[in-house]
**Q** 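Okay, here's the structure, questions in a sec.
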Amino acid sequence: QHLPVDEYNEPGGHAGSFGWFASGLVDVAALTGNPKYAAAVDRLWQNLVDTKMCITGGVGANGGIEGFGPPHYVHRGGYNETCAASGQVFYNYRLFLLTKDAKYFDVMEIVLLNGLLTGVGLEGNTFFYINPMEVNGEWGFNMQHQKGRFPWWKVVCCPGSISRTVPQVPGYMYAHEGDNLYVTLYAATETEATLTSGKVKVKQETKYPFEGKIALTIDPVKDGQQFALRLRIPTWAREKRFLPGKLYSFKEAPPPWSLQVNGKVVTPRMEKGFAVLDRTWKAGDKVQLDLPMPVQFSTAFNRVVAYNGRVAVTRGPLVFCAEEIDNGMQIQRLAAPQLPKPDQVKVTSIKEGLLKGMPLISFPGVERLEHEVLGNREFRVYLAQPLKPYEGKTRPATIRLVPYFSWNNRGEKSMTVWLPHKVEAGKKGVPLEWIAAKAEKAPISLVGNVTAIAIHNKSGQP
Ligand SMILES: [Zn+2]
């Protein structure tokens with residue numbers, strides 16, 4: 001936000017401001033049709049997802065400027081201001097409207113359900129300013145050195161960002177243009193859209209994002225109406241990665257998704273990430289989309305030093321995390337030296353308490369018996385360093401994970417998204433072999449960030 005638009009190549013500076021500013025840039029691109037704006041907003045987006053986005057969709061790892069660090073600096077602790085997540089929602093939504101490409105909604109959905117939603121407590125009246133990937137239960141990472149969400153803070157940008165973003169979600173569910181009806185997000189909803197061919201009602205029945213079956217009922221106002229129903233097939237359901245970009249890759253490719261119309265399997269054409277059903281519709285037509293949700297293990301691009309030798313667990317569009325309350329120990333003691341076989345991974349529905357109805361993932365891991373207990377100061381240093389090899393004894397333990405957005409609602413103890421994995425006693429921590437992105441080149445340039453930091457510092461703030 002500090003250069004002529006032709007020279008924008010990567011996001012820099014304050015991450016919240018960037019998202020809101022970039023949203024405005026997309027609006028200028030749409031309203032003026034000036035191609036240099038459209039090119040700039042896409043260049044910025046590609047750089048962002050290739051080098052600067054947390055797996056939760058959080059952005060802005062550098063707490064000193066509440067902003068972006070150099071490429072591949074996505075921290076083990078992280079800053080990831082709630083405001084920055086809201087900026088990503090607005091930015092990606094506008095990019096979709098400009099291009100009709102599902103990849104922007106794929107990012108936006110991850111931000112909405114993870115990086116943004118974690119910013120508010122389950123009761124809706126407490127907030128995070130900062131959304132870390134790992135805490136030790138002692139670090140007062142939030143404003144006023146709090147370890148939990150706060151109800152109010154003199155800089156109330158983040159509560160405001162939540163309260164102006166979440167109520168917009170119903171308006172993000174569907175989109176239409178001409179005789180195209182887009183289903184952009186999945187949730188139990190219904191709507192009516194006016195297409196060129198006439199009005200049509202759509203109803204979704206689903207337990208998404210906890211389950212991947214989506215049943216749609218299509219009711220055109222008159223039988224024989226012809227239009228294209230476009231269903232977004234998320235990146236995590238059709239590629240070997242959780243979200244667009246080069247940063248994270250799954251160990252296993254996802255199983256195939258499937259689509260049925262009135263009980264018959266169909267093979268639709270794909271267009272910009274949407275499965276397109278272009279046909280003549282009649283009242284009561286049923287469409288069934290099945291997006292399988294296996295538990296997936298991701299590694300980070302090997303230049304992301306903070307996550308070398310670590311894995312993150314996702315299922316569907318949700319990132320999962322290990323919390324102390326479910327695991328009975330400071331979470332830094334846990335490790336998954338071997339990834340579980342598919343039949344060792346269990347997904348159950350939580351039966352009671354605040355997280356009732358949410359999925360809980362469990363699989364075998366180990367507890368490190370000789371792991372040092374880190375105080376606040378040591379922990380901050382620990383987060384800034386690449387993972388060290390650990391030595392000493394371990395014993396079997398069950399690792400239990402809950403959705404990241406739900407963490408810190410049942411106490412303010414330790415948590416991690418990234419679990420130590422390929423780190424063995426007496427050996428150097430090495431990145432996993434199956435990092436698919438290893439051979440790909442990612443852009444590296446510090447120029448934009450250094451300039452941004454210099455400008456920011458003119459205010460005298462650190
Ligand atoms: Zn904020």
Side-chain angles (χ1 to χ4, degrees), residues 1-2 11-26 44 48 52-69 73-75 77-94 107-108 110-135 139-169 172 319 404-409 412 415 417 449 452-453 455-462:
Q1 50 267 50
H2 49 279
H14 187 267
S17 307
F18 169 78
W20 302 328
F21 168 76
S23 304
L25 269 186
V26 185
L44 287 167
L48 182 69
K52 296 184 178 182
M53 182 168 271
C54 282
I55 197 164
T56 56
V59 293
N62 183 348
I65 59 164
E66 300 186 333
F68 294 99
Y73 183 78
V74 279
H75 205 273
Y79 195 78
N80 309 323
E81 187 180 341
T82 304
C83 284
S86 84
Q88 287 308 311
V89 172
F90 304 148
Y91 178 38
N92 279 281
Y93 178 57
R94 282 163 170 76
V107 172
M108 180 180 155
I110 300 305
V111 179
L112 272 174
L113 293 173
N114 302 282
L116 180 93
L117 199 52
T118 192
V120 57
L122 290 175
E123 292 186 8
N125 57 359
T126 54
F127 305 91
F128 276 149
Y129 199 106
I130 293 147
N131 299 282
M133 299 289 104
E134 181 175 350
V135 298
W139 177 27
F141 59 89
N142 205 9
M143 287 294 133
Q144 295 174 303
H145 306 292
Q146 293 179 74
K147 295 183 288 182
R149 296 180 182 85
F150 57 82
W152 190 250
W153 167 241
K154 62 184 177 184
V155 184
V156 288
C157 54
C158 293
S161 284
I162 290 283
S163 56
R164 75 184 174 120
T165 307
V166 173
Q168 294 189 46
V169 172
Y172 298 151
V319 175
Y404 175 71
F405 74 78
S406 74
W407 91 277
N408 202 283
N409 279 283
E412 300 171 353
M415 178 281 293
V417 169
N449 288 291
I453 291 167
I455 288 172
H456 196 87
N457 276 350
K458 282 181 185 165
S459 67
Q461 297 296 314

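Note: hydrogens, waters and symmetry copies are ignored here, and every other heavy atom, side chains too, is used. When a ligand or atom number is given, it counts from 1 through the structure's own listing order.
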**Q** For a 4.5 angstrom cut-off between non-hydrogen side-chain atoms, does Arg149 reach Asn408?
**A** yes
**Q** Any chance CD of Gln144 has more than 12 other-residue heavy atoms, nucleotides or ligands included, within less than 6.0 Å?
**A** yes
**Q** Could you tell me how the ring of Tyr91 sits relative to the ring of Phe18: parallel (under 30°), tilted (30 to 60°) or perpendicular (over 60°)?
**A** perpendicular
**Q** Evaluate the side-chain proximity of Pro151 to Asn125: yes if any heavy-atom separation is below 4.5 Å, no if none is.
**A** no
**Q** Checking Asn131 side chain against Gly78 main chain: does a donor-acceptor pair fall under 3.5 Å?
**A** no
**Q** With 2.8 Å as the limit, count the protein N, O or S atoms near the Zn ion (ligand 1).
**A** 4
**Q** Sub-3.5 Å donor-acceptor pair from the side chain of Lys52 to the main-chain atoms of Phe68, do we have one?
**A** no
